[in-house]
Protein chains: 2
Amino acid sequence: MKLEKAAAQLEALGNPTRLQLYRILVRAGDDGLAVGSVQGKLDIPSSTLSHHLKRLVDTGLVTQERQATTLICRANYPGMNALIGYLADECCADATCAPAASKALV
Amino acid sequence: MKLEKAAAQLEALGNPTRLQLYRILVRAGDDGLAVGSVQGKLDIPSSTLSHHLKRLVDTGLVTQERQATTLICRANYPGMNALIGYLADECCADATCAPAASKALV
DNA sequence: ACGCTATTTCCATATTTTTCGAAATTGAGT
DNA sequence: ACTCAATTTCGAAAAATATGGAAATAGCGT
């Protein structure tokens, strides 16, 4: 994982609306969720939602798949895990990282 | 961990310069690093560095401690772990999270 | 082809972020 | 008090982001 990519993903998640959006997709699981359904849950204009979604897709945190007229969105778990791995790796490079939490990631 | 706080921390790390800065502090370990030393490694103007550092401190990812005229900066490991925990928690809320990695965090 | 629904793109604006020189501040040490 | 070094604050300009209305597009079903 390159620093630039990690930063882009972190920035993508670093917006309350997008973090909430991502969380909704995570909750939806493997079935994913149509853009319209997400919109219903977030109650924001479709154009705004589309912009945020694009950001998440572009950074590799979300994938999309067409099903007829609707677009199914899914959280990209491996992508998130790579990011978490990157952070944990940084965090524990020094081994003084307090909790055993991220060590389990190694 | 509240969504707002998580988003603020993610946004703070979501800037290449700040992520690099944070990484430098992580590498420095418990001894921490003076602002001036960090500046030497990053080669950016002090005022710019100060702004970035403030952002990391404000979001709780970095702590600072005065030692005479120099300010020692340290990565806040527990803070980072809380963030990683939050992300992992989100990621695995659905249990379809592919790798076993973040499961170990629970 | 037409109509319908879902979603995106275009465009424009308000806000926030990034950047950094210059000036101010802080805290020894003398 | 004075000076030097370290760091922050001020002020300001350029760039990026966030937001959303309106128009365009895509893809069925008829």
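Everything quoted here is computed from the prediction, not taken from an experiment. Naming: A, B, ... by sequence-line order, numbering from 1 per chain.
Contact between B/Thr59 and B/Ala12 at its shortest, heavy atoms only, is OG1-CB, 3.7 Å.
What separates CG of A/Leu56 from P of C/dT7 is a distance of 16 Å, to the nearest Å. Across the protein-nucleic acid pair, B/Leu53 atom CG and D/dT9 atom C1' stand 15 Å apart, rounded to whole Å. With rounding to whole Å, B/Leu42 atom CG is found 12 Å from C/dC20 atom P. Atom P of nucleotide C/dT18 and atom NZ of B/Lys54 are separated by 14 Å, given to the nearest angstrom. Whole-Å rounding puts the A/Gln67 CD to D/dG27 C1' distance at 13 Å. The nearest whole Å value for the distance from the CD1 atom in A/Ile44 to the C1' atom in D/dA18 is 10 Å. In this structure, the CD atom of A/Gln39 is 14 Å from the C1' atom of D/dT19, given to the nearest Å. Atoms CG (A/Asp58) and C1' (D/dT17) sit 14 Å apart, rounded to a whole Å.
Nearest-nucleotide assignment on DNA chain C puts the 5′-proximal partner with A/Leu49, out of B/Thr69 and A/Leu49. Between A/Ala68 and A/Thr17, it is A/Thr17 whose nearest contact on DNA chain D lies nearer the 5' terminus. Residue-to-nucleotide proximity on DNA chain C shows that, of B/Glu11 and A/Thr70, the 5′-proximal contact is made by A/Thr70. Nearest-nucleotide assignment on DNA chain D puts the 5′-proximal partner with A/Arg18, out of A/Arg66 and A/Arg18.
Nearest nucleotide to the B/Gln64 side chain, out of D/dT8, C/dT8, D/dT9: D/dT8. For A/Ser50, counting side-chain heavy atoms from C-beta on, the closest listed nucleotide (C/dC20, D/dG21, C/dT8) is C/dT8. Listed nucleotides: C/dT19, C/dT17, C/dT7. Nearest to the side chain of B/Arg55: C/dT17. Counting only heavy atoms from C-beta on, A/Asn15 has its side chain closest to D/dA18 among D/dA18, C/dT18, C/dG27. Listed nucleotides C/dT8, D/dT8, C/dC20 differ in distance to B/Ser46; the shortest reach to its side chain belongs to D/dT8. Counting only heavy atoms from C-beta on, B/Pro45 has its side chain closest to C/dG21 among C/dG27, C/dG21, D/dA18.
Taken together through direct or relayed side-chain contacts under 4.5 Å among Ile, Leu, Val, Met, Phe, Trp and Tyr, B/Leu42 and B/Tyr22 form part of one hydrophobic cluster.
Residue contacts shown for A/His51 include a base, since a base heavy atom lies under 4.0 Å away.
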A/Leu21 vs A/Lys41, side chain to side chain contact (heavy atoms under 4.5 Å, CB included): CA-CA, chis, key distance, verdict: CA-CA 9 Å; A/Leu21 162 53; A/Lys41 288 174 187 284; over 6 Å; no
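For B/Gln39 (side chain) and B/Ile44 (main-chain N/O), a donor-acceptor pair under 3.5 Å exists by modelled atom type. Checking side-chain atoms of B/Tyr77 against main-chain N and O of B/Val26 turns up a donor-acceptor pair under 3.5 Å.
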